[in-house]
Amino acid sequence: MQRRDFLRGILAAGTVAITHPATAQTKLLNLKDYIRFRFCRPSVHLRSDIYTLMNHDPNHPIIASYRSGVAAMKALPDSNPTSWAYQANIHGTSLPFAQWPAGAPFATCEHGSDYFLSWHRIYLYFFEKIVRKHSGNNNFALPYWNYSKAGQAALPLPFRSPTGAGNALYNGTRANSVNAGNPLAAGTVNIATALSKASLLGGGQFQSSLEGTPHGAVHVAIGGNMGAFSTAGRDPIFWLHHCNIDRLWEKWLSLGNGHANPIGDAAWMAETAEFVDENGNFVTMVNSDILDTAAQLKYQYEDPRECIPLLVANAHLSDLIRRISIKAKLKYILRKDWKIDLAGKATRLDLSESDQRGEVTAFLRAGKLRDIAKSNRIMLRFGGLRLRVPMNGYFEAYLTVGPKETFAASKPVFIGNINTFGADAESQASMMQSPKMQEKKDHEMGVSTSIDVTDVLLKQVRGKGDTLLAVTLNPVSGVEKDEQGVNREAEPVFGEVALDVLPIEAK
Ligand code: C2O
């Protein structure tokens, strides 16, 4: 009885007000759309966990369709916009500009920018449509690889067996250990750090933290094609990896705590990207049209799944969003052109040598630090990393903080991973080839990782005396029981290591 009244009430109005947790926007949907998108109907494609599909049926129709769709794309000439090579070239390419097909939006992948998540979301959206068409399975939706779930860290079996060209999902360029089924290491697939961040944009916040780990860490652990921008899209696992990254964006939003998309940021909302649709036509999409995956893009994830709308408007949500500014108010350069020797186990940088003017020592006074931390976050930035070739691994970063007198006995604290994906010369050259990317930004060359060290500093800086600081980088390969280890030929150099002071703005 009550239920009927409820429905009649909505029908009389013809619309229903929905506040979507992903956008914090209240909108009026007509009842038809409400029922179509919100009750887990098949009109919304469901992206599933590949392990769930595999355990159910090793040749599940979704897996079989992905394999046949990829095979069909690989059979097309490279100049066809829906071909395997063309799609990969959109991400990055080593093809000289003069050889690009007319109008090709090649080498436009967004990394280290505000648009990492949105660009890759749209990239996947059209790729999924292309596979759907070429596989002939209208129910096809991209599966995701949730490597962070217990027992799922090994490359899914259909991608490594059978080996050889007969299996369109196999790729022989990957690290041997990965194709042998060794699980990715726990540090590679850690999602807790990224998911704990408060805002989406900003240095060291959710998007950039996620881009480093697990995103970049998984790329370099798999290695081969996956290890560089210019070739990553050629490995069929790339698309399941990014499907998971896109899912983690939804996951982060679903955690509440004021997590929200940057709908108040006009530039972000108006950002567009260009791709190719399933019919080979150029298409442009704008960020404001990709925020609600079910209603706007007609797909959802197995987890998190939001079929039932939140009918109660949460008007305060957007006021709670605190955004960390991207521009540093103050910065202390600790070191320029820091070369890392991969022959040793770890490399330590002692600040006491670089801080000749005593600026950082002055900054690290307990009272001053506490004051600064009230309205700022302090980031340790490992900027402009360049590699000769991919190093097939990443760095664990440790910070030693302690009073001058007892510094030698101070213990290093793990502060996070440093991303190396895309730092190699080949990836950097790929980015520089695209006229669109060239005009878009002054390229800060290399790859930068910012790690929020505010809490560590607050905890360790005490008393009135001088505090010293040192960072230690430990190169690790991202796969368990890996015999290859990191590639010593990579010759890493960090352009700049610095402490940045980033103001917190209430939005
Ligand atoms: Cu644009 Cu995972 O790379």
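Numbering of residues begins at 1 and proceeds along the displayed sequence. Below, all heavy atoms of this structure are taken into account, side chains as well, without hydrogens, waters or symmetry copies. As the structure lists them, so they are numbered: ligands from 1, and atoms in each ligand from 1. Computed from a predicted structure; not experimentally measured.
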Q: Look at the side chain of Q300 and the backbone N and O of R47, then say whether any donor-acceptor pair between them is shorter than 3.5 Å.
A: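 Not confirmed, Q300 side chain does not pair with R47 backbone.
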
Q.
Check for me whether R132 meets the cation-pi criterion with F140, that is, NZ or CZ under 6.0 Å from the six-membered ring centre and within 45 degrees of the ring axis.
A.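 Here R132 fails the 6.0 Å and 45° test against F140.
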
Q) If you measure from the Lys or Arg side-chain nitrogens to the Asp or Glu carboxylate oxygens, is any gap between E250 and R121 under 4.0 Å? A)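 Yes, E250 and R121 are salt-bridged.
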
Q.
So that I can check it, does any N, O or S atom in H215 come closer than 2.8 Å to atom 2 (Cu) of ligand 1?
A.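 An N, O or S atom of H215 is closer than 2.8 Å to atom 2 (Cu) of ligand 1, so yes.
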
Q: Just give me the atom name: the N, O or S atom of H111 closest to atom 1 (Cu) of ligand 1.
A: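 In H111, the N, O or S atom with the shortest distance to atom 1 (Cu) of ligand 1 is NE2.
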
Q) Would you say the ring centroid of H215 lies under 6.0 angstrom from that of F116? A)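 For H215 and F116, the ring centres are under 6.0 Å apart.
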
Q. Taking atom 2 (Cu) of ligand 1 as the vertex, what is the angle from NE2 of H242 to NE2 of H219, given to 10 degrees?
A.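 Answer comes to 120°, rounded to 10°.
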
